[in-house]
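Notes follow the structure.
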Amino acid sequence: MYLGRAKRDRESGQVVVLFALLLPVILAIGSIVVSGGNWYVLKRHLQTQVDAAALAAGPAFTGCFVEPATANVQIAQDALAYAGDLARDPTTFNLQLQQAGDQRIVLNSSEYWWPGPPPDPTDGSGLDNTLGLPCDVRFLDVKATDLDAPLLFRWIPLFPDLKSRARIEVRKVTGARGILPVGVPEVDPRYVGVLFVNEDAADANSAIVARSLLDDVDETTLPPGDPLQSMGVWRKDSISPVNLGGNESFSVIIVASRNPSFSLSGNLSAICAQSDTKCYGGNGQADGISFIHVYSGAGAGTAATPIIRDVTLAGGCPEDYSAPYFNEVGGCPIGINATIDFGTGTTDPRLPVAQGGVCAEVDANPGGPMTWSGGVWTGAFTPSLESGQNPIRLEWETDTNGGCNGAVTDRGDFPEVAKPFIADESPLNSGPVRYLTVEHTAGGLANSVGGGSGLNLRVTVGLFPPLRDTPILTAPPIALRFGFGPSQTQALDCGDGSGPNGWRGKMVEGCTPYSINERNGVCTTPYPNPLAPDCIDSQNGNFNNMGIRDAFASPCTPNNWNGVTLPPPHDKRWISLFIVDEVAYTQPGKKTYPIRRFGGFYVTAGDGMGCPGDNPSTVRRTELWGHFVTYVTPRFGAIPDDELCQFGVGALCAPVLVE
């Protein structure tokens with residue numbers, strides 16, 4: 001018993017010694033674990049800071065097309081305001097939890113911060129720019145360094161520099177909720193083509209004598225002052241061969257399509273029946289929006305059987321840049337110049353037979369009596385507004401039995417020798433066409449030609465331009481109107497029930513989710529995404545100003561479009577609209593339209609608002625005024641695409657955190 005107790009007493013001292021030896025190791029491991037946990041917390045907070053900085057800068061991408069230099073500066077300022085770098089922004093939010101002054105931020109830099117003074121780019125943007133300016137590359141990259149992360153135990157010889165990174169990309173929005181129930185038609189075809197159709201053929205579907213796709217023209221390359229600069233321009237400089245027979249009439253039909261599989265092959269009906277395709281002046285009939293009179297120079301006319309030769313038009317309104325054959329406005333006199341062979345040679349055909357004439361008289365219908373001078377019969381008429389085709393018939397009569405005393409020996413007419421077109425925006429007529437010329441490649445209009453084969457023609461088409469960002473901040477606002485009559489307003493029914501009261505409520509809260517139509521304009525159900533339909537109905541009924549007033553004047557919001565800088569991104573007057581089919585609102589009755597895309601718009605005035613600084617200060621009933629600007633929405637509910645935002649087209653985009 002005595003010996004065993006002594007042995008245990010000797011062993012108990014060894015435990016104390018062992019603990020004394022292990023204690024520093026335990027403390028070292030524990031302090032490393034605690035310090036590592038602290039560094040992890042700081043690293044996570046650093047990540048939160050760069051995420052917040054990147055996302056805070058997203059809305060400032062609005063305006064990258066209108067004023068990119070200012071937008072780049074604002075992007076940097078908004079990011080630094082939430083990044084926690086006191087060296088670059090003394091008033092920054094989101095300071096680091098410990099030793100806040102040690103955090104350093106670089107923007108759009110390929111490298112993290114290095115010791116030294118904070119970056120000071122010479123362009124004054126506050127960006128480091130080795131990855132490019134945000135408006136150019138459409139992203140913002142934020143890199144943060146927490147210099148010498150703080151130690152909880154000073155005896156640990158470790159001084160880590162914590163690093164975190166975040167990047168947002170500004171992407172196109174393919175779906176969203178909260179869009180206001182307002183639809184703006186847009187003309188933005190993928191293809192534009194021209195068809196030359198023989199009107200005298202028995203079957204219009206088999207009468208296409210020439211066809212060609214046109215080339216999309218960059219309007220900025222046109223000469224200064226060219227009226228086509230304000231349009232979407234399509235042109236083909238050489239279309240050959242165009243085979244036109246003598247003494248026949250030919251229509252010019254313009255075809256526009258968004259269908260990626262569009263083709264000009266086949267007959268007229270097949271071409272016009274393709275999905276997402278419109279024929280202006282076509283629809284299976286040879287009734288074009290421009291006209292070519294073809295005549296023959298052969299044979300000799302007589303008093304009983306005169307021959308029509310060249311018939312040209314002149315005049316039109318000064319603002320009708322492709323007058324007189326295609327007129328966007330109309331309502332101005334158009335001159336008629338016709339050469340008719342009565343067999344008298346150069347002698348005035350109005351003279352009696354004894355003097356070498358045939359007592360000829362010619363009336364233009366419309367237009368009335370024509371006069372003769374130098375071998376040409378001249379007259380004029382004034383077409384009505386929006387009258388479409390205006391066929392001109394020349395009625396003639398002769399007297400070869402006496403002295404032009406009113407007796408008539410022969411009479412007849414030339415039924416369609418010209419067809420000046422006055423723009424009619426119904427879907428099957430001129431639609432969005434604002435300009436149309438058919439010319440000889442060698443020069444001169446080709447709307448009256450001697451018959452022949454292998455003609456080489458040039459066709460230019462000007463369409464209503466696609467929606468674009470306001471080019472300069474001082475540009476005047478444009479108007480959206482809701483008062484064209486029942487079912488032809490720009491109001492939409494986004495599932496809110498029927499009637500103006502439902503629409504009024506949606507003007508305040510916005511619509512349920514909708515998405516862009518990717519089905520070539522098809523609107524048959526079921527929808528690809530039942531939770532976000534890609535088509536939307538027009539809203540029946542006349543609308544008063546209550547919806548506009550409720551959205552922007554309850555309470556009143558000031559107009560912050562000052563012509564100097566863009567309004568702040570969270571301004572209530574920034575709204576999102578539906579961009580719909582170009583023929584929307586041109587037919588009565590409730591219709592369903594494919595959603596082409598979403599547009600950003602800033603409201604400067606509206607019927608019933610009467611808020612401070614409204615521009616214009618007086619508006620007509622049911623008008624909404626403002627500017628299209630590519631809007632990078634800070635709101636929730638946007639469904640982004642993989643495609644980066646396309647600035648300049650009045651689109652809706654969203655910042656997406658990708659790293």
Side-chain angles (χ1 to χ4, degrees), residues 58-59 62 173-184 480-483 489-516 527 529-560 567-580 584 590 592-593 595-611 614 622-629 631-640 650-655:
T62 299
V173 168
T174 60
R177 62 177 171 85
I179 310 297
L180 295 193
V182 177
V184 183
L480 307 179
R481 296 187 177 93
F482 302 86
T489 68
Q490 292 181 220
L492 297 173
D493 180 357
C494 58
D496 57 356
S498 60
N501 289 334
W503 179 81
R504 175 181 172 183
K506 290 298 182 181
M507 280 292 289
V508 176
E509 64 186 59
C511 295
T512 55
Y514 280 84
S515 59
I516 293 176
Y527 293 115
N529 182 357
L531 299 178
D534 60 358
C535 294
I536 192 166
D537 295 333
S538 61
Q539 179 71 282
N540 283 337
N542 288 311
F543 296 91
N544 54 35
N545 58 22
M546 294 298 185
I548 297 174
R549 187 190 66 187
D550 292 350
F552 306 106
S554 298
C556 214
T557 58
N559 172 28
N560 289 312
H570 294 275
D571 191 322
K572 188 178 180 180
R573 292 194 181 212
W574 283 113
I575 62 173
S576 304
L577 308 172
F578 291 92
I579 308 300
V580 294
K590 198 172 186 70
T592 301
Y593 306 123
I595 298 169
R596 299 303 186 185
R597 59 188 183 88
F598 305 105
F601 193 78
Y602 186 83
V603 177
T604 61
D607 181 20
M609 289 173 57
C611 293
D614 279 355
T622 64
E623 284 183 340
L624 194 65
W625 287 76
H627 300 269
F628 277 101
V629 176
Y631 180 44
V632 182
T633 174
R635 300 169 185 168
F636 297 105
I639 304 172
L652 187 64
C653 300

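- Asp493 has its side chain within reach of Lys590: a pair of non-hydrogen atoms, C-beta onward, lies under 4.5 Å apart.
- Between Phe578 and Tyr514, the distance from one ring center to the other falls under 6.0 angstrom.
- Within the model, atoms CH2 of Trp574 and CG of Asn560 stand 10.5 Å from one another, a figure rounded to the nearest 0.5 Å.
- By the 4.5 Å heavy-atom criterion applied to side chains, Pro181 and Trp503 are counted as neighbours.
- Of all heavy-atom pairs between Ala638 and Ala654, the closest is CB-CB, 4.0 Å.
- Contact check for Ile575 versus Leu180: side-chain heavy atoms found under the 4.5 Å cut-off.
- Side-chain contact between Pro59 and Val632: absent, with no pair of heavy atoms (C-beta onward) separated by less than 4.5 Å.
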With side chain to side chain contact (heavy atoms under 4.5 Å, CB included) as the test, would you mind laying out the steps for Cys535 and Tyr527 before giving the verdict? CA-CA 8 Å; Cys535 294; Tyr527 293 115; 3.9 Å; yes
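- Under the 4.0 Å criterion applied to side-chain N and carboxylate O atoms, Arg573 and Asp614 are assigned as salt-bridge partners.
- Judged by distance alone, the side chains of Tyr602 and Asp571 do bring a donor and an acceptor atom under 3.5 Å apart.
- In this model, no donor atom of one side chain and acceptor atom of the other lie less than 3.5 Å apart for Ser515 and Asn529.
- With a 4.5 Å cut-off on side-chain heavy atoms, Cys653 and Tyr631 do not count as touching.
- Rounded to the nearest 0.5 angstrom, Ser554 OG and Arg549 CZ are separated by 5.5 Å.
- The shortest distance between side-chain heavy atoms of Thr512 and Leu531 does not fall below 4.5 Å.
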Using the side chain to side chain donor-acceptor pair (under 3.5 Å) rule, take Thr604 and Asn559 through it: C-alpha gap first, then chi angles, then the decisive distance, then the call. CA-CA 6 Å; Thr604 61; Asn559 172 28; 5.3 Å; no
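- Taking CD1 of Ile179 as the reference point, atom OG of Ser576 lies at 4.0 Å (rounded to 0.5 Å).
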Determine, stepwise, if the pair Asp550 / Arg504 fulfils side chain to side chain contact (heavy atoms under 4.5 Å, CB included). CA-CA 8 Å; Asp550 292 350; Arg504 175 181 172 183; 2.3 Å; yes
Side chain to side chain contact (heavy atoms under 4.5 Å, CB included), that's the test. Do Thr62 and Val629 meet it? Break it down for me. CA-CA 7 Å; Thr62 299; Val629 176; 4.1 Å; yes
Could you check Ile548 against Leu624 for side chain to side chain contact (heavy atoms under 4.5 Å, CB included), going step by step and ending with a plain yes or no? CA-CA 8 Å; Ile548 297 174; Leu624 194 65; 3.8 Å; yes
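- Shortest non-hydrogen contact noted between Cys494 and Ile536 is CB-CD1, 3.8 Å.
- Residues Phe598 and Ile516 are in side-chain contact: their nearest non-hydrogen atoms beyond the backbone lie under 4.5 Å apart.
- Without hydrogens or angle criteria, Gln490 side chain to Gly183 main chain gives a donor-acceptor distance under 3.5 Å.
- Side-chain contact check for Val182 versus Phe601: every heavy-atom pair is 4.5 Å or farther apart.
- Scanning all heavy atoms of the two residues, the minimum distance from Ala176 to Leu652 falls at CB-CD2, 4.5 Å.
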